[in-house]
Number of protein chains: 2
Amino acid sequence: MGTQEDVPSTQAGGGEKAQDRRVKRTQQLLARALITLTLEKGYEAVTIREITRYADIGYATFFRHYPDKDALLGSVLDVVLNELLTLFSLPLVQSNAVEDGQRLFEYVQQHHEVIRVLLRSGQSASFVERIVATGTQSTLAKNEQLGNSVVPREIAANHIVTTAITLTQWWLEHGMPYPPQTMGKIYYELIIRPTHAYDATHYLPPI
Amino acid sequence: MGTQEDVPSTQAGGGEKAQDRRVKRTQQLLARALITLTLEKGYEAVTIREITRYADIGYATFFRHYPDKDALLGSVLDVVLNELLTLFSLPLVQSNAVEDGQRLFEYVQQHHEVIRVLLRSGQSASFVERIVATGTQSTLAKNEQLGNSVVPREIAANHIVTTAITLTQWWLEHGMPYPPQTMGKIYYELIIRPTHAYDATHYLPPI
DNA sequence: CAGGTAATGATATACTGTATATCATAAGTT
DNA sequence: AACTTATGATATACAGTATATCATTACCTG
């Protein structure tokens, strides 16, 4: 309901110089406007004019900050992507995969509006492509036991990331009907377990 | 390389009246042009003017056939979607899942250019959304043993379809490095098996 | 808090791409 | 061969993007 949602501060964590208050204000208003309008009518349908009108910002001012709509969305994405990578860089132990999943869905729940927008933002700005590229590389790098006798490592890594995204998409579009804890288990059973080397003991029923 | 690719005849299988030769010709030229140009520079970047110029068709003529670019792509999609559903409607037996997968990847291989375009066509025309909706429903309807103690049925059905799509995407974008037969096995191990009810004997190493 | 700096708003303008209308011509149908 | 219909060419309206300019306002620094 609330337009007052929890938009990660548009200012990326990277080493940025302190900003003029006006700049910060403008950029935040634009980001909020984009998110609100996208949730209403879809990313492609939103025009820059609408964004600036909704944000009550001069039209030309938009281009002093971003070359186009995709760049504005990209600045939001930068923040989210960084936070997600941090989320998964903490635990290197594979056995904590369930908790990894739970943490992921807790984060998604907290920022559900922004993430819904990013996942719906179509091809041009492609949040999905960027997170897949980053995530796959990261997954492949840190995980030794990936893949089994049938499934090649590269496919497994790609599979984990893309599938985590589609599972998240499903969850968001169905109103987050299960708690993050349950989703963490599902994430493990459906995604992580099948991508790891065969170990018969893993495959016994949980009860 | 060849522009002369195997574009499923734009005329959908549904009950259509016989067309004027000129109409058929125009629509085929437009479809071919869209596919070729999209493979070159991406769907969003292609303009209707480029399509008509490449097809050597009058600009205004485009709108006598389709209201916009998405509609043109949609007509191609109709054909592919029908063929895919036919592909999976033949075998109702679950144990043939490996063959199902193999058939899927054989079809994708045959029509790889068109399918690459459809999978890259962004949000607005969203091929993916349509095939997910159709595919999920179909999967859910015909498969009884879907889901297990941890994974709900609806999630499992969605998972199968979306994951088959991302696996196809990976395969196409990496130049189809494994034969359809191998992909069929991977499809089964990575996607189908984890979504079915627990059965310890299933989970013993294949060798 | 005064003075310089920088961001903003408003306006004008150029440009690209979409979409529709009209009419003469060519191609197809029967 | 006569009728019908699709097409090409052209003109036009329109929406949305993108840049330039200048007066005004908010901000930061000393």
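Labels below follow one simple rule: chain letters A, B, ... track the order of the sequence lines, proteins then strands, and each chain is numbered from 1.
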When you measure from the side chain of [X], which nucleotide among [options] comes out closest?
| X | options | result |
| --- | --- | --- |
| Ala60(A) | dA20(D), dA7(C), dC28(D) | dA20(D) |
| Ile48(B) | dT20(C), dT18(C), dG9(C) | dT18(C) |
| Thr61(A) | dC27(D), dA19(C), dT8(C) | dT8(C) |
| Phe63(B) | dT17(D), dT18(C), dA9(D) | dT18(C) |
| Tyr59(B) | dG28(C), dT18(C), dG9(C) | dT18(C) |

Integer-rounded Å distance: [N] [atom2] and [X] [atom1]:
| X | N | atom1 | atom2 | value |
| --- | --- | --- | --- | --- |
| Ile51(A) | dT17(D) | CD1 | P | 8 Å |
| Ile57(B) | dA26(C) | CD1 | P | 16 Å |
| Leu72(A) | dA18(D) | CG | P | 13 Å |
| Asp20(B) | dC3(D) | CG | P | 19 Å |
| Glu44(A) | dT17(D) | CD | P | 12 Å |
| Phe62(B) | dA6(D) | CZ | P | 17 Å |
| Leu37(B) | dG17(C) | CG | C1' | 15 Å |
| Asp56(A) | dA10(C) | CG | P | 8 Å |

dA7(C) OP1/OP2 closer than 4.0 Å to side-chain N/O of His65(A): no
Output yes when at least one side-chain N/O atom of Thr47(B) is less than 4.0 Å from OP1 or OP2 of dG17(C), else no. no
What does Arg22(B) touch in the nucleic acid at a heavy-atom separation under 4.0 angstrom: a base, only the sugar-phosphate, or nothing? base
Tell me what Arg49(B) touches on the nucleic acid: a base, only sugar-phosphate, or nothing, going by heavy atoms under 4.0 Å. base
Mind telling me whether [Y] and [X] have parallel, tilted or perpendicular rings, with 30° and 60° as the class edges?
| X | Y | value |
| --- | --- | --- |
| Phe62(B) | Tyr66(B) | tilted |
| Tyr59(A) | Phe63(A) | perpendicular |
| Phe105(B) | Trp171(B) | perpendicular |

Check whether Tyr43(B) forms a cation-pi arrangement with Arg120(B) (NZ or CZ under 6.0 Å from the six-membered ring centre, at most 45° off the ring normal). no
Closest nucleotide of DNA chain D for Thr26(B) versus for Arg64(A): which of these residues is on the 5' side? Thr26(B)
Distance col, row Leu73(B):CG vs Asp68(B):CG, nearest 0.5 angstrom, shows 10.5 Å
Of Arg21(B) and Pro67(B), whose nearest nucleotide on DNA chain C comes first from the 5' end? Pro67(B)
